[in-house]
There are 2 protein chains.
Amino acid sequence: MSRLAKVAFVRQPAELTVAFRAKGLKVTPQRQLLFRLLHGHEGHPTAEGLFAEASEQMPGISLRTVYQTLNDLAAMGELQVLHITPGTSRFDPNVESHHHAKCVSCGQLRDIHVPQAQQLEVVGLHDFHPSHTSVVVNGLCTPCATATDPIQ
Amino acid sequence: MSRLAKVAFVRQPAELTVAFRAKGLKVTPQRQLLFRLLHGHEGHPTAEGLFAEASEQMPGISLRTVYQTLNDLAAMGELQVLHITPGTSRFDPNVESHHHAKCVSCGQLRDIHVPQAQQLEVVGLHDFHPSHTSVVVNGLCTPCATATDPIQ
DNA sequence: ATGCGAATCTGCACGAATTGCAGACAAATG
DNA sequence: CATTTGTCTGCAATTCGTGCAGATTCGCAT
Ligand SMILES: [Mn+2]
Ligand SMILES: [Mn+2]
Ligand SMILES: [Zn+2]
Ligand SMILES: [Zn+2]
């Protein structure tokens, strides 16, 4: 079992290029940069965070454009938008079915796998048409659990 | 089995009064009104929503005071704060362990019970100290599923 | 009852996150 | 290369929530 763990990313930049053109959306340098930043992104960045990363490689890119592109990707289902932390949305390049552990101290999110998540017994779903279930494990990451003073 | 289903509310106004005084917090008419509004509240109101309800009975109460009181209650563990919907926090007077179904069309939240939620197998929790798990079942409420046009 | 000090209330300014808008600009297409 | 159409940027506006300060009130000890 030496196979590397599979990690799901947002689709390749080239695939997103095709998908955008197919919808009549243009493929600009700004969008290509974001495609590249998102592909292989391990975290759960905010729009501001991606804006900061993008600005390093393309000074002058606007925050407005970052939001625009992220919203387009989310509308196309190429990106998940998470509403787990207060105040701001997290964008998840991992579009595979998965769940999250959230540190209640620093807010960090990490991917987890919950095999039985879609087979949970649920009481109280009368007059409701469920599509999918998401699980959040709250707790403390090791740095926060170790630190005497809360981190952040 | 004719017993009514148990519904967990935030503690009685009288109990909250004691709890507040015990912490050196004063019990004002504004706070007592909010205690009453929250007790027995079936939904998952926003601060603005509670402000609207409170304003009917006490015109002139300020939104700032509503936030202040809700934050105090949350800090004392007498109220849950949910970050499930985009943009705004939901306050949950039901402090019993429970989970939620969320209509992805209209945003409505309802309580559900997930008996196995705390015994889920989770892969990927290395270097993490879990406290509790929360489950969100996404889907459509019947009105939204029935409507040709999305509600809201 | 009265008075005092600490906590609270309200109104407003401010901050963070996100969207609306408009004119300059660039991608796609033939 | 010219045209069309969508995009980019900057800025205003919006929404949710918090910081602040002065007037007010609560809770407790006279
Ligand atoms: Mn994820
Ligand atoms: Mn609830
Ligand atoms: Zn942490
Ligand atoms: Zn609905």
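A, B, ... follow the sequence lines: proteins, then strands. Residue 1 opens every chain.
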Undergrad: In whole angstroms, how far is the C1' atom of D/dT15 from the NE2 atom of A/H83?
TA: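 Result: 15 Å.
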
Undergrad: Tell me whether B/Q118 contacts the main-chain N or O of B/T133 through its side chain, where contact means a donor paired with an acceptor under 3.5 Å.
TA: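 Confirmed, B/Q118 side chain pairs with B/T133 backbone.
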
Undergrad: How close or far is atom C1' of C/dT8 from atom CE of B/M58, stated in whole angstroms?
TA: 13 Å

Undergrad: Ignoring backbone atoms, establish whether B/Q30 has a side-chain N or O less than 4.0 Å from OP1 or OP2 of C/dT10.
TA: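 Answer yes for this pair, as a side-chain N or O of B/Q30 is under 4.0 Å from OP1 or OP2.
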
Undergrad: List for me each residue that meets side-chain contact (heavy atoms from CB on, under 4.5 Å) alongside B/Q32, sequence neighbours excluded, and say none if there are none.
TA: B/V27, B/R36

Undergrad: Output all residues satisfying side-chain contact (heavy atoms from CB on, under 4.5 Å) with A/V18, sequence neighbours left out; order by chain, then residue number.
TA: none

Undergrad: Atom CG of A/L50 and atom C1' of C/dA17: how far apart are they, to the nearest Å?
TA: 14 Å

Undergrad: Let me test you: for the helix from C/dA1-D/dT30 to C/dG30-D/dC1, what is the angle between the axes at its two ends (five pairs each), rounded to 10 degrees?
TA: 30°

Undergrad: What is the distance, to the nearest angstrom, from the CD atom on A/Q68 to the P atom on C/dC21?
TA: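 Taking atom P of C/dC21 as the reference, CD of A/Q68 is at 13 Å.
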
Undergrad: Please name all residues satisfying side-chain contact (heavy atoms from CB on, under 4.5 Å) with B/L125, sequence neighbours left out, ordered by chain then number.
TA: A/A101, A/I112, A/V137, B/V122, B/F128, B/P130

Undergrad: Please give, in whole Å, the distance from C/dT8 P to B/L33 CG?
TA: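 Checked: the CG to P distance equals 17 Å.
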
Undergrad: Under 4.5 Å between any side-chain heavy atoms of A/L70 and A/V81, yes or no?
TA: no

Undergrad: In whole angstroms, how far is the C1' atom of C/dA16 from the CZ atom of A/F51?
TA: 14 Å

Undergrad: For A/R64, enumerate each residue passing the side-chain contact (heavy atoms from CB on, under 4.5 Å) test, keeping only those at least two apart in sequence or located in another chain.
TA: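 If we apply the side-chain contact (heavy atoms from CB on, under 4.5 Å) test to A/R64, skipping adjacent residues, the hits are A/S62, A/Y67, A/Q68.
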
Undergrad: Output the rounded distance in Å from CD (A/Q32) to C1' (C/dA28).
TA: 13 Å

Undergrad: Check the orientation of B/H98 and B/H44. Use parallel for under 30°, tilted for 30 to 60°, and perpendicular for over 60°.
TA: tilted

Undergrad: Using atom types as modelled and distance alone, determine if a side-chain donor or acceptor of A/E15 lies under 3.5 Å from a backbone N or O of A/Q12.
TA: yes

Undergrad: Does B/D72 pair with B/R31 as a salt bridge, N-O distance under 4.0 Å?
TA: yes

Undergrad: Indicate for each nucleotide in nucleotides 16-28 of chain D, in 5' to 3' sequence, whether protein heavy atoms under 4.0 Å reach the base (B), only the sugar-phosphate (S), or nothing (-).
TA: SSBBB-----BS-

